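I have placed the structure first, in the form of structure tokens, so that the comments after it can refer back to it.
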Amino acid sequence: MSDTIDRLTGTLGELVKKAKEVGSQAIGTVDPDGTVRGVYERGAERTKAYARIAKLNLELNRESEELRRVYTEIGRLYFEQAREKAEGFFAPLFAQAETSAAKLRSIENEIAALKEAVFEEKAEKDIEVEIGAFDDIVSADEKAVTGEE
């Protein structure tokens, strides 16, 4: 995705640069009678062309991303179907995929265990705080009843 942003930023930078060039050309090419119609028309055409280029670059990036997604899905489906009978150059790739999947499961399990421990610990502290607050309320009520301060 950052590649898309980099391309878009580069394209926009080029548009700004070209717009400045067109503006400087307009100043130097004003007709003797003060008209700039031809320069304006050429500048407008260039601006339209640059805008179209930017739009096409965005479309190109979208289509490239979609193609990458489709290839990924094809690979995933093939992997699921041929997992047990990998042959040729697919065998080491399948083994690498299995290793990565096992690592992912291990990391997910560790995260789940840590979250569970943190939530249990937090729940215990919340109960302690509630019990402590309850004790304070009872003490305050007892003092109010007995008239102690």
Side-chain angles (χ1 to χ4, degrees), residues 1-31 34-142:
M1 190 63 163
S2 71
D3 183 43
T4 302
I5 293 171
D6 291 342
R7 285 186 190 175
L8 180 58
T9 303
T11 301
L12 291 176
E14 286 297 315
L15 284 172
V16 170
K17 182 179 170 184
K18 292 296 182 181
K20 287 180 181 178
E21 288 175 13
V22 169
S24 66
Q25 289 173 358
I27 292 172
T29 59
V30 174
D31 294 338
T35 61
V36 290
R37 181 169 298 180
V39 173
Y40 173 76
E41 289 173 0
R42 284 192 307 275
E45 289 171 9
R46 286 182 181 165
T47 301
K48 287 177 185 177
Y50 290 128
R52 180 71 179 146
I53 289 169
K55 184 177 179 180
L56 289 172
N57 275 325
L58 287 173
E59 188 175 336
L60 178 68
N61 289 334
R62 261 193 312 271
E63 287 302 318
S64 294
E65 185 62 27
E66 179 64 15
L67 183 59
R68 186 199 60 76
R69 188 192 65 74
V70 169
Y71 283 154
T72 300
E73 185 64 15
I74 290 168
R76 186 186 63 77
L77 290 171
Y78 181 73
F79 174 76
E80 289 175 359
Q81 290 178 354
R83 168 184 265 154
E84 302 301 323
K85 53 185 175 182
E87 297 175 350
F89 61 87
F90 285 109
L93 292 172
F94 279 29
Q96 184 179 359
E98 291 287 353
T99 301
S100 292
K103 284 181 184 177
L104 287 171
R105 284 189 298 274
S106 173
I107 292 169
E108 288 170 346
N109 290 338
E110 185 176 350
I111 289 170
L114 289 169
K115 283 182 177 180
E116 187 176 316
V118 168
F119 290 134
E120 285 178 7
E121 186 177 297
K122 184 180 182 308
E124 290 173 8
K125 287 182 181 179
D126 289 345
I127 291 172
E128 290 174 12
V129 169
E130 290 177 16
I131 291 172
F134 178 75
D135 289 341
D136 293 342
I137 292 170
V138 170
S139 296
D141 284 344
E142 288 175 350

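All figures in this text were calculated on a predicted structure; none of them were measured in a lab.
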Fill in: Audit row: Leu56, Arg52, side chain to side chain contact (heavy atoms under 4.5 Å, CB included) steps and yes/no
CA-CA 6 Å; Leu56 289 172; Arg52 180 71 179 146; 3.5 Å; yes

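- Looking at heavy atoms from C-beta onward, Glu73 lies in side-chain contact with Leu77 at the 4.5 angstrom threshold.
- Scored by the side-chain hydrogen bond (donor to acceptor under 3.5 Å, both in side chains) test, Glu66 finds Arg69 as partners (sequence neighbours excluded).
- No side-chain donor-acceptor contact under 3.5 Å links Ser106 to the backbone of Ala102.
- Considering only heavy atoms from C-beta on, Glu65 comes within 4.5 Å of Arg68 through its side chain.
- Of all the heavy atoms in Ala86 and Ala91, the pair that sits closest is CB-CA, 3.7 Å.
- Considering CD of Glu14 and CG of Asn57, their distance stands at 11.0 Å, rounded to 0.5 Å.
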Practice prompt. List the steps and the verdict of side chain to side chain contact (heavy atoms under 4.5 Å, CB included) for Lys115 and Val118.
Written response: CA-CA 5 Å; Lys115 283 182 177 180; Val118 168; 5.8 Å; no

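- Taking the six-membered ring for Trp and the full ring otherwise, the centers of Phe79 and Phe90 sit at least 6.0 Å from each other.
- Counting heavy atoms from C-beta on, the side chains of Tyr78 and Phe94 come closer than 4.5 Å.
- In this structure, CZ in Arg62 is found 6.0 Å from CG in Leu58, a value given to the nearest 0.5 Å.
- For the residue pair Gln81 and Lys85, the shortest heavy atom distance occurs at O-CE, 3.9 Å.
- Taking CG from Leu67 and CD1 from Ile74, the interatomic distance works out to 8.0 Å, rounded to the nearest 0.5 Å.
- Heavy-atom neighbours of Glu80 CD from other residues, nucleotides or ligands within 6.0 Å: above the threshold of 12.
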